[in-house]
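Okay, so here's the structure we're looking at.
Each chain gets a letter, A, B and so on, in the order the sequences are listed, and its residues count up from 1. The figures that follow rest on heavy atoms only: side chains count, while hydrogens, waters and symmetry mates do not. Only a predicted model underlies this, so the values are computations on that prediction, with no experimental measurement involved.
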Amino acid sequence: MLEIKNLHARIAEDGTEIIRGLNLTVNDGEVAAIMGPNGSGKSTLSYILAGREDYEVTEGDILYNGESILELDPAERAAKGVFLAFQYPVEIPGVATMQFLKVAMNEQRKARGEDELTTPDFMRRVKEAAAELQISPEMLRRPLNVGFSGGEKKRAEILQMALLEPKLCVLDETDSGLDIDALKIVADGVNALRAPDRSVIVITHYQRLLDYIVPDTVHVLYKGQVIKSGDKTLAHELEANGYADIIGAAA
Amino acid sequence: MNIQAGIKLTAAEAALVESYNEQVGELPGDGATLLARDTLLSDLKEAGLPTRRVEAWHYTDLKALLKSVPAFLHGASAQRVEPIVPGSTVLSVVNGKAHTRLLPEGITAKSYADTLLDGSAAAGLVARDADDVIGRINGSFVRDGLIVEIAEGAAFEAPIEIQSVQNCGQVNTRFPVRFGAGAKATVIERHLATGEDAALVTSVTDMRLADDAEVTWIIFQSEGEADTHLAQFKAELGANAKLRLYVINGGGKLVRQEIHIAVAGEGSDLTLRGINLLGGESHTDVTFTVGHDVPHTTSTEVIRNVVLDRARGVFQGQIRVAQDAQKTDAKMSCNTLLLSDDAEFSAKPELEIFADDVQCGHGATVIDIDHTQLFYLMARGVPENKARAMLVNAFVAEIVEELEDETLVEALEGVISDWLEKHA
Ligand SMILES: Nc1ncnc2c1ncn2[C@@H]1O[C@H](COP(=O)(O)OP(=O)(O)OP(=O)(O)O)[C@@H](O)[C@H]1O
Ligand SMILES: [Mg+2]
């Protein structure tokens, strides 16, 4: 599914290197957790996967299903199945949530050479997915993410993911800002999407989410590199001991 | 009338004078009307069209910008069009001539030409001040328009559309409008051209809201690419009256829309929202003054501009607060999305405050598309140009959404996205 090879990337504006020789492989159907201290480059990595222009890849490559996606813009990557659930979903006043969902779904379908959805079909899909995630119709009538609470924004991200049916889902701290019940709802939403041909990268600071979304692999990111990988027990270890030992061993 | 020797007129000024001399024999009016017209025209001739040295016209040098004046055409052939909001009550002025029809209870409309003929309109044919060139041109040439009265306490299911449509030539109209106490209505004042040849359109709307009236008034201007549109909207608000005024410009080559409001009754409130969609080589000027003359009045003004190509836009906004008008609350902002290096927008906010216990503020910004928002949309699969269009649309749609009435919002958003699709 995904192969990141010796990736170096810097902030385009000032040249600061954030990702410094990162290697990571995620297989088809795998759920990979990425953990790491604040500022280690987790969100930056997720942005680079999604194709944000603010970062410049200077070395290495990102292969998605065997092909480099570095030359693709974010929309092209999305159409190929890459999805990023943002750590901080963006408010867009003046863009109606429903209109946005419809445009996004249909543009992706168009790019893949599929027919656009009919309005009733679209409405039915949104209604069903929203009900699963306990998102009220009232929320869907508001402009995109505007005035949504922290938890509502995160749920709205998962709604988008469910509707867009991506192949590679990157969840950047989707658990932050969620209360216990919402965490469960969101985790159920993610688990429902688990499939042999769909991979998930879960970026999180807490074991709690990983109790619900059980990862196949866990990777520790530090200063722009993966410094340790393991199975789900690695997350328990981190929860118990923090990062100090692993960072010490890597240094 | 004899042209004084020694005053050098521009081509457009000379054409106006000549056109007046040609038309004067057939312009509707009795002796008093004719006298008022003559006075306005001779003032116009004497002062000439304003240049940038006239403060009120500083950003719109009409003398330089108005290059020619199309002739008045008899038998022009524009047709009434469908209203913006389906099901509206439509009053129309087609090729400059008013048509009154069967109207719902609570609203009456009469031809303005009749009041020119019997002389009762003559007293209104005066300029606001020495720089009121729109009042002068319009008052000299006006042929028709509609006198609209909304009865006390009236309320309507559907909006009222006052449609002014022509294809070319000269159109000069007036709309005196009265809202009775407590009346509630949504009115769309629409100006459009259906032809490509040049038109010179002047229009003066003069409106009075009695106490407690609540009016949403939407001016939507979509004249042709060669047209000059000079318009004036004047309103006086009674006690606790509320006027929500939307001004949407999406056409014309040379446009000046003046708005002069007196929030004259205690507790009255003005909400002004302006949307300027500017493209091509057009020049569009929205000049606004509001006078807070009594205590406890409020006004907010938000202007949003999208400027493309080599278009130029102007917003002059003046808030005056009289010495007695304590507790005035007035806020004005003007935000511009400049989408081309050759596009230009000038904003001149002005506060003239003579009272001490007031809250007044203004701000003007020029912005670009928000990159984080653009990335977010693209990350969901929306291609770049479409994502940009969505954000430009959102920038103005945000204001339209304040209207809340779903059919109205939808209709106006449709108008805006059509414009953006065609131009951006
Ligand atoms: N556009 C940017 N401009 C300036 N600094 C940036 C930018 N993007 C990332 N950084 C810096 O790069 C480093 C990594 O940031 P990143 O957001 O990727 O960390 P993170 O691992 O996601 O942290 P957290 O756990 O707090 O979310 C930080 O020091 C951050 O300040
Ligand atoms: Mg982060």
Self-check item: Distance (rounded to the nearest 0.5 Å) between B:Leu377 CG and A:Glu107 CD
Solution: 11.0 Å

Quiz prompt | Greater than 12 external heavy atoms within 6.0 Å of B:Asp341's CG | solution = no

Quiz item: Under a 4.5 Å heavy-atom cut-off, does chain A meet the side chain of B:Ile399, its backbone, both or neither?
Solution: neither

Quiz item: More than 12 heavy atoms of other residues, nucleotides or ligands under 6.0 Å from CD of A:Glu56: is that the case?
Solution: yes

Quiz item: Hey, does the side chain of B:Gln373 reach the backbone of A:Glu91 with a donor-acceptor pair shorter than 3.5 angstrom?
Solution: yes

Exercise. Could you look at A:Ala50 and say if it's the side chain, the backbone, both or neither that has a heavy atom under 4.5 Å from chain B?
Key: both

Quiz prompt | Heavy-atom neighbours of A:Arg194 CZ exceed 12 at 6.0 Å | solution = yes

Quiz item: Atom OH in A:Tyr88, atom OH in B:Tyr376: separation rounded to 0.5 Å?
Solution: 15.0 Å

Self-check item: Best-contacting candidate, A:Arg52, A:Gln108, A:Glu76, against chain B by heavy atom pairs under 4.5 angstrom
Solution: A:Arg52

Self-check item: Enclosure of B:Glu350 CD (heavy-atom neighbours >12, cutoff 6.0 Å)
Solution: yes

Exercise. Using a cut-off of 6.0 Å, state whether more than 12 heavy atoms not belonging to A:Lys110 lie near its atom NZ.
Key: yes

Exercise. Nearest 0.5 Å please: distance from the CD atom of B:Glu384 over to the CG atom of A:Asp73.
Key: 7.0 Å

Practice problem: Starting from the C-alpha separation in whole Å, work towards a yes-or-no answer on salt bridge (charged side-chain N to carboxylate O under 4.0 Å, His left out) for A:Arg142 and B:Glu401. | Solution: CA-CA 11 Å; A:Arg142 281 191 248 161; B:Glu401 272 153 24; over 6 Å; no

Quiz item: For the atom pair CG (A:Asp54) and OG1 (B:Thr372), what is the distance rounded to the nearest 0.5 Å?
Solution: 7.0 Å

Quiz item: Of the backbone (N, CA, C, O) and the side chain (C-beta and beyond), which part of A:Arg77 lies under 4.5 Å from a heavy atom of chain B, both, or neither?
Solution: neither

Self-check item: Contact summary for A:Ala78 and B:Ala379, nearest pair of heavy atoms
Solution: CB-O, 3.4 Å

Self-check item: Enclosure of A:Gln87 CD (heavy-atom neighbours >12, cutoff 6.0 Å)
Solution: yes

Quiz item: Which heavy atom of A:Gly94 sits nearest a heavy atom of B:Ala397, and at what distance?
Solution: O-CB, 3.9 Å

Quiz item: If you count heavy-atom pairs under 4.5 Å between each of A:Val146, A:Val103, A:Val82 and chain B, which one has the most?
Solution: A:Val103

Quiz prompt | Neighbour count above 12 (heavy atom, 6.0 Å) for A:Lys80 NZ | solution = no

Quiz prompt | Exceeds 12 heavy-atom contacts within 6.0 angstrom, atom CD of B:Glu225 | solution = no

Quiz prompt | Pick from A:Leu101, A:Val95, A:Ile92 with the largest number of heavy-atom pairs that fall under 4.5 Å of chain B | solution = A:Ile92

Practice problem: Ignoring hydrogens and angles, tell me if any N or O in the side chain of B:Arg380 forms a donor-acceptor pair with the backbone of A:Leu84 under 3.5 Å. | Solution: yes

